[in-house]
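Shown next, in structure tokens, is the structure this report addresses.
Order of listing sets the numbers, starting from 1, for every ligand and every atom in it.
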Amino acid sequence: MLSQAIALVSQIPDPEIPALTLSDLGILRSVRLDPEHGGIVVELTPTYSGCPATEAIQADVKQALRQAGFTDYSVNIVLAPAWSSDWITPEGRNKLRDYGIAPPACGAPQLASSSVVQLTRRNNTQTPVVACPRCASVNTTCLSEFGSTPCKALYRCLACQEPFDYFKPY
Ligand SMILES: [Zn+2]
């Protein structure tokens, strides 16, 4: 029963970025059995508090469990520790890129530019290096600090001229 719930919940798509699941985004903290009642307890950490998608995600999880025949469950929001974009899985980062959104660069150890990014962030004099999700060029410029949602910034690639969303690091 628990493994079924885990498989079910981890495959639920994020309402804002349907290409990614809740587990890809790292917002699914845990799925466990309540030691007292034996019900399913799902813990979620929103990408940032106040994100309007949080309630939608909570409702999606409840609906999925109900439709799968679960009757005893609770879906809790856990705000501490705060979600970090570092929690996005490597697979999630690849899916973001495929979806046309540049994944958050900061703290990503697999990116060669991460040390540069951390340095520029610390000095706060330059914007982070953001690679184009389409052609991987780092010759990009920030058009707006706010893209299609407050979680994203709008960038344009100067190599292929395509605008794209950048998932801002948190
Ligand atoms: Zn490009």
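Judged as a salt bridge (Lys or Arg N to Asp or Glu O under 4.0 Å), and not counting sequence neighbours, K168 has no contacts. Remark: A7 engages no residue in a side-chain contact (heavy atoms from CB on, under 4.5 Å) (not counting sequence neighbours).
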Ignoring hydrogens and angles, write down the donor-acceptor pairs under 3.5 Å from the side chains of residues 29-39, residues two or more places apart or on other chains.
| unit_1 | atom_1 | unit_2 | atom_2 | d |
| --- | --- | --- | --- | --- |
| R29 | NH1 | G26 | O | 2.9 |
| S30 | OG | E43 | OE1 | 2.9 |
| R32 | NH2 | E43 | OE2 | 3.2 |
| D34 | OD1 | E36 | N | 2.8 |
| D34 | OD1 | H37 | N | 3.2 |

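The distance cut-off of 2.8 Å around the Zn ion (ligand 1) captures these protein N, O or S atoms, sorted by chain and number: C132 SG, C135 SG, C157 SG, C160 SG.
Put simply, the side chain of L28 reaches to within 4.5 Å of the side chain of S10, judged on heavy atoms. Side-chain contact between F70 and L8 is present, with at least one heavy-atom pair separated by less than 4.5 Å.
Between F167 and W83, the ring planes are tilted. Angles from 30° to 60° get that label.
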